[in-house]
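Okay, structure first, notes after.
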Amino acid sequence: MDLGECTKIHDLALRADYEIASKERELFFELDAMDHLESFIAECDRRTELAKKRLAETQEEISAEVAAKAEKVHELNEEIGKLLAKAEQLGAEGNVDESQRILMEMEKVKARKREAEEEYRNSMPASSFQQQKLRVCEVCSAYLGLHDNDRRLADHFGGKLHLGFILIREKLEQLRRTVATKQEKRNQDRLRRREERDREDRGPRRSKSRDRRRSRSKERRRRRSRSTSRDKRRSRSRSRDRHRRHRSRSGSRNKSHRSSRDRGSKHK
């Protein structure tokens, strides 16, 4: 796709520095990369849905049974294209034996495709069968034809656009797992630090609580002691008062008795 020139700096030394630094602390650049790729894939999926809608509006409507048979041919076409692209790649790498094995497997798939095409052809009029039935590639949103030949299929499934979208989607899934793991680890670290702070805070609070309880206990003892002292003083004071009143009454009686004796003597 023509996306223009990348504005980022592509430097292997900077990448190595980042990989070293990310081992010491989490920088979370993976989150930025994930957001970027998600927007890119979302745009591709949007184009795919629009293309499907246009095909549904322009192509001749067929029954569900015929549509299922056509879909089977499309799936076999996709399998053939992938196998041929893989065989060519292995041949270019010098792995001839494995390439031949893949080609033999592809011939078996092509035989199944011919049977599927025959079923599809027999399920509809000849004029309708000759019309090109298109579908949209779910990976890169390109159009694929029901009657595309092997070369066309191999060019698509082995092409840079299709393979590029496969790499992007795989990388996006990898980033999602990585970000989810790191976010879970960060949340656990935050929870652990919060619990440690709470334990540290509870320690002084417990000590202060004990000090307050001790202080209140001492204050109660002091109040009880003062109350007891006041009661004792009051008791002593009341005792002295009673003693003084008793002495005062005794003195009054004695004086009255002497006065009576004196008056009796004088009368005689």
Side-chain angles (χ1 to χ4, degrees), residues 1-6 8 10-12 15 33-34 36-52 54-55 59 66-122 129-178:
M1 297 182 71
D2 185 11
L3 299 176
E5 190 166 347
C6 183
K8 306 295 183 183
H10 295 256
D11 190 307
L12 294 178
R15 174 180 289 187
M34 186 184 73
H36 176 70
L37 293 186
E38 280 183 338
S39 64
F40 192 75
I41 292 299
E43 176 62 21
C44 177
D45 292 342
R46 186 188 66 83
R47 290 196 305 269
T48 300
E49 292 304 317
L50 288 176
K52 287 181 178 180
R54 284 196 296 268
L55 288 178
Q59 292 194 136
V66 175
K69 292 178 180 180
E71 182 65 24
K72 185 176 181 181
V73 176
H74 277 300
E75 291 175 356
L76 292 171
N77 275 341
E78 181 173 345
E79 189 173 352
I80 290 170
K82 290 179 179 179
L83 289 172
L84 182 55
K86 186 176 181 180
E88 291 178 347
Q89 180 183 358
L90 290 171
E93 294 173 355
N95 195 344
V96 179
D97 293 339
E98 185 65 18
S99 177
Q100 290 295 325
R101 188 189 67 79
I102 296 296
L103 288 175
M104 292 174 62
E105 184 179 348
M106 186 189 71
E107 290 299 326
K108 296 178 182 179
V109 178
K110 289 174 70 174
R112 289 161 49 200
K113 176 192 171 183
R114 287 192 292 269
E115 294 175 359
E117 283 180 330
E118 188 66 24
E119 291 182 8
Y120 173 63
R121 182 185 295 107
N122 294 333
F129 177 76
Q130 294 301 325
Q131 294 178 3
Q132 177 70 294
K133 297 296 181 183
L134 298 176
R135 68 176 295 192
V136 183
C137 178
E138 298 287 347
V139 175
C140 62
S141 74
Y143 286 106
L144 296 172
L146 186 67
H147 304 304
D148 286 345
N149 58 37
D150 297 347
R151 180 73 268 155
R152 166 75 176 85
L153 295 171
D155 289 342
H156 170 79
F157 291 107
K160 290 182 178 180
L161 184 64
H162 186 85
L163 295 178
F165 270 103
I166 289 176
L167 290 175
I168 289 174
R169 292 178 185 276
E170 290 176 351
K171 183 65 175 179
L172 178 57
E173 289 302 317
Q174 176 188 342
L175 287 173
R176 283 171 176 165
R177 291 192 296 270
T178 300

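- Considering only residues two or more places apart in sequence or on other chains, Arg112 meets the side-chain hydrogen bond (donor to acceptor under 3.5 Å, both in side chains) condition with none of them.
- The closest side-chain heavy-atom distance from Glu78 to Arg135 is below 4.5 Å.
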>> Run Leu153 and Leu84 through side chain to side chain contact (heavy atoms under 4.5 Å, CB included) and show every step you take.
In response: CA-CA 8 Å; Leu153 295 171; Leu84 182 55; over 6 Å; no

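- Counting all heavy atoms, side chain and backbone alike, Tyr143 lies closest to Arg152 at O-NH2, 3.1 Å.
- Nearest approach of Glu79 to Val109, heavy atoms of both residues: OE2-CG2, 3.6 Å.
- A pairwise comparison of heavy atoms in Val139 and His162 identifies CB-CE1, 3.6 Å as the closest pair.
- Atoms CG and NZ, on Leu76 and Lys113 in that order, are 8.5 Å from each other to the nearest 0.5 Å.
- Closest approach of Ser39 and His36 over heavy atoms only: OG-O, 2.6 Å.
- With rounding to the nearest 0.5 angstrom, the CD atom of Glu75 is 12.0 Å from the CD1 atom of Ile80.
- Distance check: Gln89 CD to Ile102 CD1 gives 10.5 Å after rounding to the nearest 0.5 Å.
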> Going through the distances and angles, do Arg114 and Glu118 end up as a salt bridge (Lys or Arg N to Asp or Glu O under 4.0 Å)?
Replying inline: CA-CA 6 Å; Arg114 287 192 292 269; Glu118 188 66 24; over 6 Å; no

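- Between Glu173 and Arg176, at least one side-chain N (NZ, or NE/NH1/NH2) sits under 4.0 Å from a carboxylate O, which counts as a salt bridge.
- Between the NZ atom in Lys69 and the NZ atom in Lys72 there is a gap of 9.5 Å [rounded to 0.5 Å].
- Taking Glu98 as the reference, Arg101 meet the salt bridge (charged side-chain N to carboxylate O under 4.0 Å, His left out) condition, with sequence neighbours excluded.
- Although no hydrogens or angles enter the test, the distance criterion places a donor-acceptor pair under 3.5 Å between the side chain of Thr48 and the main chain of Cys44.
- Of all heavy-atom pairs between Ala87 and Ser99, the closest is O-OG, 2.8 Å.
- Other residues, nucleotides and ligands contribute at most 12 non-hydrogen atoms within 6.0 Å of the CZ atom of Arg15.
- Partners of Lys110 according to the side-chain hydrogen bond (donor to acceptor under 3.5 Å, both in side chains) rule, which considers only residues two or more places apart in sequence or in another chain, are Asp150.
- Put simply, CZ on Arg169 and SG on Cys140 are 8.5 Å apart, with the number rounded to the nearest 0.5 Å.
- Once rounded to the nearest 0.5 Å, the distance linking CZ of Phe165 with CG of Asp45 reads 9.0 Å.
- Here the shortest heavy-atom pairing between Leu144 and Cys137 reads CD1-CB, 4.2 Å.
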>> Assess the residue pair Val96 and Leu90 against the criterion (side chain to side chain contact (heavy atoms under 4.5 Å, CB included)); give the C-alpha distance rounded to whole Å, side-chain angles, the decisive distance to 0.1 Å, and a yes or no.
In response: CA-CA 7 Å; Val96 179; Leu90 290 171; over 6 Å; no

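- Using a 4.0 Å cut-off between a side-chain N of Lys or Arg and a carboxylate O of Asp or Glu, Arg46 and Glu43 qualify as a salt bridge.
- In this structure, the side chains of Glu107 and Leu103 stay at 4.5 Å or more apart for every pair of heavy atoms.
- Using a 4.5 Å heavy-atom threshold, the side chains of Ile41 and Ile168 count as touching.
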